[in-house]
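Structure record follows, encoded as structure tokens.
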Amino acid sequence: MDADVLVAGAGPTGLLLANELQLAGARVLVLERMPQRTGQSKALNLQPRTAEMLQLRGWLDAALGRAMATLPAGHFAGLPLDYTVFDTPFPYQVGIPQARVEEFLEDRLTGHGVPVLRGHELLDLAQDDQGVTATVAGPDGRRTLRARYLVGADGGHSTVRKRLGAAFPGRDGRVSAVVADAVLEGEAGTEWRLPELEPDENGVCFLLPLGDGLYRLVLGGPAQQGAERTAPVTEEEIRAGLRLHHGDTVRLRELRWASRFTDASRQVERYRHGRVLLAGDAAHIHNPSGGQGLNLGMQDAFNLGWKLAADLAGWASPGLLDTYHDERHPVGAMVLENARAQGVLGVPDPDVRVLRGVFAELLATPEANRRIAGMISGLDIRYPIAGEPEHPLLGGRLPRIELRSGRGLLLWSAGRADLAGAVAPWADRVDCAVGAATRDGADLSVLVRPDGYVCWVAEGAAGQPKDALHRWFGEPARA
């Protein structure tokens, strides 16, 4: 084997996954078709749950050091959401271009000796009971690489997905727009803010400063509809859009990068195909409403990484790797649904503007805000983890903890020192400490998976974590 895992794609999803695998001791190779980083801004934010994930590993500071700003709220189709209603150290969005996320993840990866093979394009793959053989074209020609698993994190046009022949149901795009990095002059504004997405008969034109006169521009109007997805975006098209929305107050000086996108919505039926798995945009595509795409992919990687590492290490319980699909597919489906709903609220129609007004009033109520803000931020995710007795914390995240080792954690309340002995046979994969969680004034003992989600809860002196330890951490290394 050339590696335990081949990761196709050096975007945020693939790089985060590779970091997780490296932390667990797996041998990883990352294949990236592009010969070098593009520097294109692309996605622009980390939602609260993504920030929490990076903080779990002690990696968030590296991201914050490259961030542009923080946005004190989220949004649903441009309508503001309040994140402060959640127990989280990050009740805001971190404003950071995707290029900088990729930069710090790749720097960490290569600093630990994991290569990112740039200029290497995956052409084909074949799998058997023992592993996957990938045919790769690189600077020195074609060669084959062999690994126990392959993960396709190679974007919406994923070669891995196509070579698998994986079904990708959904619908084609119906609305088109342009996204660009452009150097502007004039009165374009200098502060980060929530997107202004209420359209008029001319569509939308949103500008966000990236520093030194560079702006993210999103342009969607009549001129963009019907354009071929691969048609080049011209400077004149950008200038015409700026004139339409800003008159002579904003002018284009330089077009650094531009691309077309649509509101196409698709999701693979299965995230796992034997020894090949799909994550990020390779598994799901949707319009960028709400700023969810980069975050959804990184959360896929965080869910998958420790499970794949457990399988490679030989201690994964039967079916553990399949829970990646079971847990993440419903989350992806929910994001696709809410993104489509947000797309409807962006249609330039008088009746839709009335509907936006109704939604704005609804989102001003605590119940509606909490429901939608939890969905967009990722803070409401609760995986279907069974337990006896059932408890509201089961399957949900446990905030304000650190799991820098990438291992599980058993926290026990006062009087439950017996739990240290209970977890001792799993000491090679679960840490333990005194430091109870609380809920409604009650001290709780909890078992937390490596991704920060609670898989066992006990109140007082009752309950033992043995079944949960077997389920999530396999057979013990010693009796």
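- The minimum heavy-atom distance linking Val454 with Leu393 is given by the pair CB-O, 3.4 Å.
- Annotation: salt bridge (Lys or Arg N to Asp or Glu O under 4.0 Å) contacts involving residues 132-151, sequence neighbours excluded, comprise Asp128-Arg146.
- Counting heavy atoms from C-beta outward, Lys466 and Pro476 have side chains that stay 4.5 Å or more apart.
- Of all heavy-atom pairs between Gly305 and Leu17, the closest is CA-CD1, 3.6 Å.
- Without hydrogens or angle criteria, Gln224 side chain to Ala177 main chain gives no donor-acceptor distance under 3.5 Å.
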Exercise. Between Val331 and Asn303, does a side chain to side chain contact (heavy atoms under 4.5 Å, CB included) hold up when you go through it step by step?
Worked result: CA-CA 12 Å; Val331 174; Asn303 184 284; over 6 Å; no
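- Taking 4.5 Å as the limit, every side-chain heavy atom of Trp456 sits out of range of all side-chain heavy atoms of Leu469.
- With rounding to the nearest 0.5 angstrom, the NE2 atom of His120 is 9.5 Å from the CG atom of Leu29.
- A 4.5 Å side-chain heavy-atom check between Val136 and Leu117 finds every atom pair outside the cut-off.
- A donor-acceptor distance shorter than 3.5 angstrom exists from the side chain of Gln47 to the backbone of Gly291, with no hydrogens or angles considered.
- In the model, Arg340 has no side-chain atom that pairs as donor or acceptor with a side-chain atom of Ser265 under 3.5 Å.
- With sequence neighbours excluded, the residues satisfying salt bridge (charged side-chain N to carboxylate O under 4.0 Å, His left out) with Glu402 are Arg404.
- With hydrogens and angles ignored, the 3.5 Å screen pairs no side-chain donor or acceptor of Trp306 with any backbone N or O of Arg407.
- With a 6.0 Å radius and a threshold of 12 heavy atoms from other residues, nucleotides or ligands, Asp467 has its CG atom at or below the threshold.
- With hydrogens and angles disregarded, no donor-acceptor distance shorter than 3.5 Å links the side chain of Arg216 to the backbone of Leu208.
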For this session: Show your reasoning for whether side chain to side chain contact (heavy atoms under 4.5 Å, CB included) applies to Gln93 and Tyr83.
Result: CA-CA 9 Å; Gln93 295 184 77; Tyr83 288 163; 4.0 Å; yes
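- Of all non-hydrogen atoms in Trp257 and Ser41, the two that sit nearest each other are CZ3-OG, 4.4 Å.
- Leu79 contributes atom CG, which lies 6.5 Å from atom CG of Leu345 (distance to the nearest 0.5 angstrom).
- A donor-acceptor contact shorter than 3.5 Å is absent between the side chain of Arg33 and the backbone of Arg118.
- Considering only heavy atoms from C-beta on, His286 stays 4.5 Å or farther from Glu337 through its side chain.
- Taking the side chain as every heavy atom from C-beta outward, Pro465 and Leu419 approach each other to under 4.5 Å.
- Contact of the Trp426 side chain with the Leu410 side chain is not registered, since no non-hydrogen atoms from C-beta on lie closer than 4.5 Å.
- With sequence neighbours excluded, the residues that form a ring-ring contact (aromatic ring centres under 6.0 Å, His included) with His329 are Tyr271, His325.
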Exercise. Going through the distances and angles, do Arg382 and Asp380 end up as a side chain to side chain contact (heavy atoms under 4.5 Å, CB included)?
Worked result: CA-CA 6 Å; Arg382 186 180 179 195; Asp380 72 341; over 6 Å; no
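- Listed by first and then second residue, the side-chain hydrogen bond (donor to acceptor under 3.5 Å, both in side chains) pairs involving residues 156-170 are Asp154-Ser158 (not counting sequence neighbours).
- Side-chain N or O atoms of Asp263 include one that pairs as donor or acceptor with a backbone N or O of Val175 at under 3.5 Å.
- Between Arg275 and Asp129, none of the side-chain N atoms (NZ, or NE/NH1/NH2) sits under 4.0 Å from a carboxylate O, so this pair counts as no salt bridge.
- Pro115 and Val28 get closest at one heavy-atom pair: CD-O, 3.9 Å.
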Exercise. Between Ser176 and Gln225, does a side chain to side chain contact (heavy atoms under 4.5 Å, CB included) hold up when you go through it step by step?
Worked result: CA-CA 5 Å; Ser176 300; Gln225 307 317 308; 3.9 Å; yes
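- Note that CG of Asp311 and CG of Leu321 are 5.5 Å apart. Values are rounded to the nearest 0.5 Å.
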Name every donor-acceptor pair, under 3.5 Å, that has one atom in a side chain of residues 7-16 and the other anywhere in the protein, sequence neighbours excluded.
unit_1, atom_1, unit_2, atom_2, d
Thr13, OG1, Gly297, O, 3.4

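- The main-chain N or O of Val114 is never found under 3.5 Å from a side-chain atom of His112 such that the two would form a donor-acceptor pair.
- Under a 4.0 Å N-O distance rule, the pair Glu102/Lys42 does not qualify as a salt bridge.
- Interatomic distance, His75 NE2 to Arg193 CZ, rounded to the nearest 0.5 Å: 12.0 Å.
- Using a distance-only test at 3.5 Å, with no hydrogens or angles considered, no donor-acceptor pair links the side chain of Asn295 to the main chain of Arg49.
- Listed for the Arg400 side chain is a donor-acceptor partner under 3.5 Å among the backbone atoms of Thr88.
- In this structure, Glu228 contributes its side chain and Thr230 its backbone to no donor-acceptor pair below 3.5 Å.
- The two residues Leu294 and Asn45 make their nearest non-hydrogen contact at CD2-O, 3.6 Å.
- Residues satisfying the ring-ring contact (aromatic ring centres under 6.0 Å, His included) criterion with Tyr383, sequence neighbours excluded, are Tyr453.
- Between Trp412 and Ser445, the shortest heavy-atom distance links the atoms CA-OG, 3.5 Å.
- Counting heavy atoms from C-beta outward, Leu403 and Val448 have side chains that approach closer than 4.5 Å.
- For the pair Glu103 and Arg100, the salt-bridge criterion is not met [side-chain N within less than 4.0 Å of a carboxylate O].
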For this session: Take Asp451 and Lys307 through the test salt bridge (charged side-chain N to carboxylate O under 4.0 Å, His left out) and record every step on the way to the result.
Result: CA-CA 10 Å; Asp451 57 357; Lys307 297 173 181 176; 5.3 Å; no
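- Within the 4.5 Å cutoff, the side chain of Leu210 has heavy atoms near those of the Asp181 side chain.
- Considering CD1 of Ile96 and OG1 of Thr50, their distance stands at 11.5 Å, rounded to 0.5 Å.
- Residues Asn338 and Gln342 have side chains that bring a donor and an acceptor to within less than 3.5 angstrom of each other.
- In this structure, CG in Leu64 is found 8.5 Å from CG in Leu54, a value given to the nearest 0.5 Å.
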